[in-house]
Amino acid sequence: PIQNPPSAAVAPTASTATLKLYDLRWDHGYRPGRAYASSRLATMIWTAELARRLDEMNSSRTAVLTHPGFIQERPRLGRTTALAERIIGHSAAEGAQTLVSACDPDIPNGSFIVPDGPGQLRGEPTCAQPPAIAQDRDLAGRLWRMSEQLSGVPFLDTYPGVPPQG
């Protein structure tokens, strides 16, 4: 059972991509790679909204965005691809350090933890400015409401220790 700790962190991984609010379930023109990238972007926007709502509620819980960078653990298409991965990417264990860092109790709510290297593709975890799309309050509010409608779950109203809004 889920306990009600005095503080807790939500730290999903994120990505940047195109988000089709009109077709969140990908009922039309499903493409696995694009659907995955879009789901990561939706997660980023939703988590940024969660962080804002937790702040408004003066909650001790945090929602932190993470991006692991470019992970080398992909199918090898040839020696050139493997070399490129070694140059621009890092291991899954190194990428996971962004998630580990996000669980630090000193990381502020709403932070965005990314690798500190060029293009945020590899490196040590650091705090960065979330992408502008994650800061779009109108888009985040629409995605939040759509998530509640599609799931049938009124978020934040159902968790122990989190007072209902209203």
Side-chain angles (χ1 to χ4, degrees), residues 1-19 24 26 31-137 139-140 143-144 147 151 155-156 159-162:
I2 297 176
Q3 300 298 313
N4 188 18
S7 65
V10 175
T13 58
S15 176
T16 56
T18 301
L19 183 62
L24 281 178
W26 285 79
R31 296 180 67 179
R34 288 186 181 178
Y36 174 77
S38 181
S39 74
R40 298 283 46 93
L41 176 59
T43 299
M44 178 190 307
I45 296 166
W46 193 91
T47 304
E49 179 66 10
L50 174 61
R52 282 190 284 275
R53 289 171 183 243
L54 290 171
D55 275 346
E56 289 172 2
M57 297 167 57
N58 294 317
S59 175
S60 63
R61 290 158 175 84
T62 59
V64 179
L65 300 163
T66 66
H67 177 54
F70 184 82
I71 304 301
Q72 296 170 348
E73 308 293 320
R74 298 170 190 256
R76 304 281 190 245
L77 300 176
R79 287 168 37 144
T80 303
T81 302
L83 177 61
E85 284 184 355
R86 282 197 307 271
I87 292 170
I88 65 171
H90 58 185
S91 72
E94 290 167 322
Q97 291 306 307
T98 59
L99 185 56
V100 171
S101 296
C103 296
D104 182 328
D106 294 328
I107 296 293
N109 184 39
S111 295
F112 185 39
I113 311 295
V114 299
D116 64 0
Q120 300 173 340
L121 296 174
R122 65 180 295 153
E124 298 297 317
T126 190
C127 285
Q129 184 71 20
I133 194 166
Q135 299 174 53
D136 182 333
R137 293 194 75 156
L139 176 62
L143 178 61
W144 185 275
S147 298
S151 69
F155 303 120
L156 293 183
Y159 296 101
V162 179

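Here the shortest heavy-atom pairing between E94 and S91 reads OE1-N, 2.8 Å. Taking each heavy atom of D116 and G123 in turn, the nearest pair found is OD1-CA, 3.4 Å. Residues R52 and Q135 approach most closely at NH1-CA, 4.1 Å, considering heavy atoms. The minimum heavy-atom distance between P130 and G110, with the atom names listed, is CG-O, 4.3 Å. Across every non-hydrogen atom of P68 and P115, the tightest pair is O-CG, 3.5 Å. Listed here is the closest heavy atom pair of V114 and Q120: CG2-NE2, 3.5 Å.
Within the 4.5 Å cutoff, side-chain heavy atoms of L139 are placed close to those of I133.
With sequence neighbours left out, E124 forms a side-chain hydrogen bond (donor to acceptor under 3.5 Å, both in side chains) with no residue at all. The side chain to side chain contact (heavy atoms under 4.5 Å, CB included) check on S111 picks up V64, I107, P108, I113, C127, with sequence neighbours excluded. Scanning for side chain to side chain contact (heavy atoms under 4.5 Å, CB included) contacts around R122 gives H90, with sequence neighbours left out.
Between D55 atom CG and L50 atom CG the span is 10.0 Å, to the nearest 0.5 Å. The distance from the OG atom of S60 to the CG atom of N109 is 10.0 Å, given to the nearest 0.5 Å. Taken to the nearest 0.5 Å, the CG atom of L65 stands 5.5 Å off from the OG1 atom of T47.
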Practice task
Starting from the C-alpha separation in whole Å, work towards a yes-or-no answer on side-chain contact (heavy atoms from CB on, under 4.5 Å) for R40 and H67.
Solution key: CA-CA 10 Å; R40 298 283 46 93; H67 177 54; over 6 Å; no

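Look at R53 and E49 and you find a salt bridge, because one of the NZ, NE, NH1 or NH2 atoms lies within 4.0 Å of a carboxylate O, short of that distance.
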